[in-house]
Enquirer: 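Handing you this structure, nothing more for now.
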Protein chains: 2
Amino acid sequence: MRLSKRGEYGLRAMISLAEVQKNSPTGMTQIREIAQKEQIPAKFLEQILLALKNAGLVHSKMGVGGGYYLAKPADEITLGQVFRVLDGPIAPIRCVSQMAYEPCGCPDEETCGLRMVMGDVRNAIANILDRTTLAAVVERMEAARA
Amino acid sequence: MRLSKRGEYGLRAMISLAEVQKNSPTGMTQIREIAQKEQIPAKFLEQILLALKNAGLVHSKMGVGGGYYLAKPADEITLGQVFRVLDGPIAPIRCVSQMAYEPCGCPDEETCGLRMVMGDVRNAIANILDRTTLAAVVERMEAARA
DNA sequence: ATAAAGTCTATAATATTAGTATAGTTTTAT
DNA sequence: ATAAAACTATACTAATATTATAGACTTTAT
């Protein structure tokens, strides 16, 4: 049940951008700054941010003084959105996926025990990731620091 | 967040063995029977059952009329136990794992937002897998069939 | 014009997954 | 004795995913 590095780095970067949105007027940061702060290989982070950009979760500005910034207020972006862009469906098996359903091997899906339990797992994970916004994460971090 | 085929097959096989435990006097089944019923490559399943045997979750009997059977009553084996044998720790990132903790990249674990959320995710998954027994799964399947 | 910054594509290196194949050994009911 | 069944071990492959790295290109502030 692992989160890939791609997913981990992407989530860290987005949380970082949410902090910047809260604390700086432009809300803009360069790849290198994020890479350094979060200890992420810069070129790898570049690909990840590009994917997030193509998914419409961040915007960017080219050229001198450019950088990345969140496409929306941090309280309108959920971890689930970020996760799905980078790591695909949340469901442990495809036959319980909401976003990418595929039939699995069971003779009868309705009475498949594994499917029922994995459906519960999917919902439990989705309930957390889809209801937690970047803003909420930042708040929680600040609370922990206090 | 995917369950590997190894994990999927192993869980299916264990649920299958739990059904047999409930419905047959010996509770014993051969690899081939399970493989056929659950559509699992037999040689792959052999490896998986061996791993479960070495972990003490199933016992086996050699020779004619032999086979595999659960090492304990189905209500004393949880999906979490099976999962961990086959797919390793439940935690999405190692720094929130109970069974296989390792530090991650965060400068301060106590105030790392990602870590907090992934801790919640880990607990949500573990709460389901560690509290659901094979017997409970079988009951649920029977209820769905009725 | 230049340098800072993102864009895009390709490729490499490594690891994991999902098996398949081989080749036996051991146990046990009949 | 024989056949059925599990046990052990290895190792090989093929595909896929992961984790990057490299380099050429484009945009923009100054």
Side-chain angles (χ1 to χ4, degrees), chain A residues 1-13 17 20 26-36 38-71 83 85-89 92-94 100 104-105, chain B residues 1-13 17 26-36 38-71 86-89 92-94 104-105:
Chain A
M1 279 325 199
R2 247 195 20 255
L3 178 65
S4 71
K5 283 292 176 187
R6 185 175 152 90
E8 179 188 331
Y9 291 161
L11 285 165
R12 284 194 199 284
L17 284 175
V20 174
T26 67
M28 187 138 27
T29 323
Q30 284 99 47
I31 290 178
R32 283 178 199 179
E33 280 183 71
I34 303 177
Q36 188 166 22
E38 305 286 345
Q39 302 288 357
I40 303 171
K43 275 294 191 178
F44 193 18
L45 180 58
E46 191 179 306
Q47 288 178 19
I48 293 166
L49 285 171
L50 215 47
L52 291 170
K53 195 206 159 179
N54 291 333
L57 294 179
V58 300
H59 288 162
S60 63
K61 195 190 168 198
M62 276 193 181
V64 177
Y68 283 92
Y69 55 99
L70 298 183
F83 180 95
V85 168
L86 299 173
D87 272 11
I93 46 180
R94 306 164 286 334
C104 54
Chain B
M1 276 327 195
R2 249 196 16 256
L3 178 66
S4 72
K5 283 293 176 186
R6 185 175 151 92
E8 180 189 331
Y9 292 160
L11 286 165
R12 283 193 199 285
L17 284 175
T26 67
M28 187 140 24
T29 322
Q30 284 100 45
I31 290 177
R32 283 180 199 177
E33 280 183 70
I34 303 176
Q36 188 166 22
E38 304 287 345
Q39 301 288 357
I40 303 171
K43 274 293 187 181
F44 195 17
L45 181 57
E46 195 178 307
Q47 287 178 21
I48 293 166
L49 285 172
L50 216 46
L52 292 170
K53 194 204 161 181
N54 292 333
L57 294 179
V58 300
H59 287 162
S60 62
K61 195 192 170 197
M62 276 194 181
V64 177
Y68 282 92
Y69 55 99
L70 297 183
L86 299 173
D87 272 12
I93 45 180
R94 304 165 288 333
C104 53

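Values in this document were obtained by computation on a predicted structure and should not be read as measured data. Numbers restart at 1 for each chain; the letters A, B, ... are given by sequence-line order, proteins then strands.
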Enquirer: Atom CG of A:Leu17 and atom OH of A:Tyr69: how far apart are they, to the nearest 0.5 Å?
Expert: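 With rounding to 0.5 Å, CG (A:Leu17) is 11.5 Å from OH (A:Tyr69).
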
Enquirer: What integer distance in Å separates A:Ile48:CD1 from D:dT21:C1'?
Expert: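 Taking atom C1' of D:dT21 as the reference, CD1 of A:Ile48 is at 13 Å.
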
Enquirer: Can you tell me how far C1' of D:dT21 sits from CD1 of A:Ile40, to the nearest Å?
Expert: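 Result: 16 Å.
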
Enquirer: Who are the side-chain contact (heavy atoms from CB on, under 4.5 Å) partners of A:Ala71, not counting sequence neighbours?
Expert: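 side-chain contact (heavy atoms from CB on, under 4.5 Å) check on A:Ala71 returns A:His59.
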
Enquirer: Nearest whole angstrom, please: distance from the P of C:dT7 to the CG of A:Leu52.
Expert: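 That distance rounds to 12 Å.
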
Enquirer: Can you give one letter per nucleotide of nucleotides 18-30 of chain C, 5' to 3': B if a protein heavy atom sits under 4.0 Å from the base, S if only from the sugar-phosphate, - if neither?
Expert: SSB-BB--BBBS-

Enquirer: Starting at atom CG of A:Leu17, determine the distance to atom P of C:dG6, rounded to an integer number of angstrom.
Expert: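 The distance from CG of A:Leu17 to P of C:dG6 comes to 11 Å, rounded to the nearest Å.
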
Enquirer: I need the residues from residues 28-35 of chain B with at least one non-hydrogen atom less than 4.0 Å from DNA chain D; give them sorted by number, or say none.
Expert: B:Gln30, B:Ile31

Enquirer: Apply side-chain contact (heavy atoms from CB on, under 4.5 Å) to B:Leu45 and list each qualifying residue two or more places apart in sequence or on a separate chain.
Expert: B:Ala13, B:Ile31, B:Ile34, B:Ala35, B:Ile40, B:Leu49

Enquirer: Under 3.5 Å, which donor-acceptor pairs link side chains of residues 1-10 of chain B to any protein atom two or more places apart or in another chain?
Expert:
from: B:Ser4; atom 1: OG; to: B:Arg6; atom 2: N; distance (Å): 3.4
from: B:Ser4; atom 1: OG; to: B:Gly7; atom 2: N; distance (Å): 3.0
from: B:Ser4; atom 1: OG; to: B:Asp87; atom 2: OD1; distance (Å): 2.5
from: B:Ser4; atom 1: OG; to: B:Asp87; atom 2: OD2; distance (Å): 3.1
from: B:Arg6; atom 1: NE; to: B:Leu86; atom 2: O; distance (Å): 3.2
from: B:Glu8; atom 1: OE2; to: B:Arg12; atom 2: NE; distance (Å): 3.2
from: B:Glu8; atom 1: OE2; to: B:Arg12; atom 2: NH2; distance (Å): 2.9

Enquirer: Below 4.0 angstrom from OP1 or OP2 of D:dA5, is there any side-chain N or O of B:Ser60?
Expert: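 It does not, given that no N or O in the side chain of B:Ser60 lies less than 4.0 Å from OP1 or OP2 of D:dA5.
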
Enquirer: Under the salt bridge (charged side-chain N to carboxylate O under 4.0 Å, His left out) rule, collect the residues that match up with A:Lys61, sequence neighbours excluded.
Expert: none

Enquirer: Listed by chain and number, what are the side-chain contact (heavy atoms from CB on, under 4.5 Å) partners of A:Gln47, not counting sequence neighbours?
Expert: A:Phe44

Enquirer: Can you list everything that forms a salt bridge (charged side-chain N to carboxylate O under 4.0 Å, His left out) with A:Glu46? Sequence neighbours excluded, please.
Expert: A:Lys43

Enquirer: Could I get the full list of side-chain contact (heavy atoms from CB on, under 4.5 Å) partners for B:Ser60, not counting sequence neighbours?
Expert: B:Lys53, B:Tyr68

Enquirer: How long is the line joining CG of B:Leu49 and P of D:dA6, in whole Å?
Expert: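 Atom-to-atom, B:Leu49 to D:dA6, this comes out as 9 Å.
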
Enquirer: Is the shortest side-chain N/O distance from A:Tyr69 to OP1 or OP2 of C:dG6 below 4.0 Å?
Expert: no

Enquirer: Rounded to whole Å, how long is the line connecting atom NZ of A:Lys53 with atom C1' of C:dC8?
Expert: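 Taking NZ of A:Lys53 and C1' of C:dC8, I get 11 Å after rounding.
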
Enquirer: Using side-chain contact (heavy atoms from CB on, under 4.5 Å), reason through A:Leu57 and A:Leu70 one step at a time and then give a plain yes or no.
Expert: CA-CA 6 Å; A:Leu57 294 179; A:Leu70 298 183; over 6 Å; no

Enquirer: Expressed as a whole number of angstroms, how long is the span from B:Leu86:CG to C:dT17:P?
Expert: 12 Å

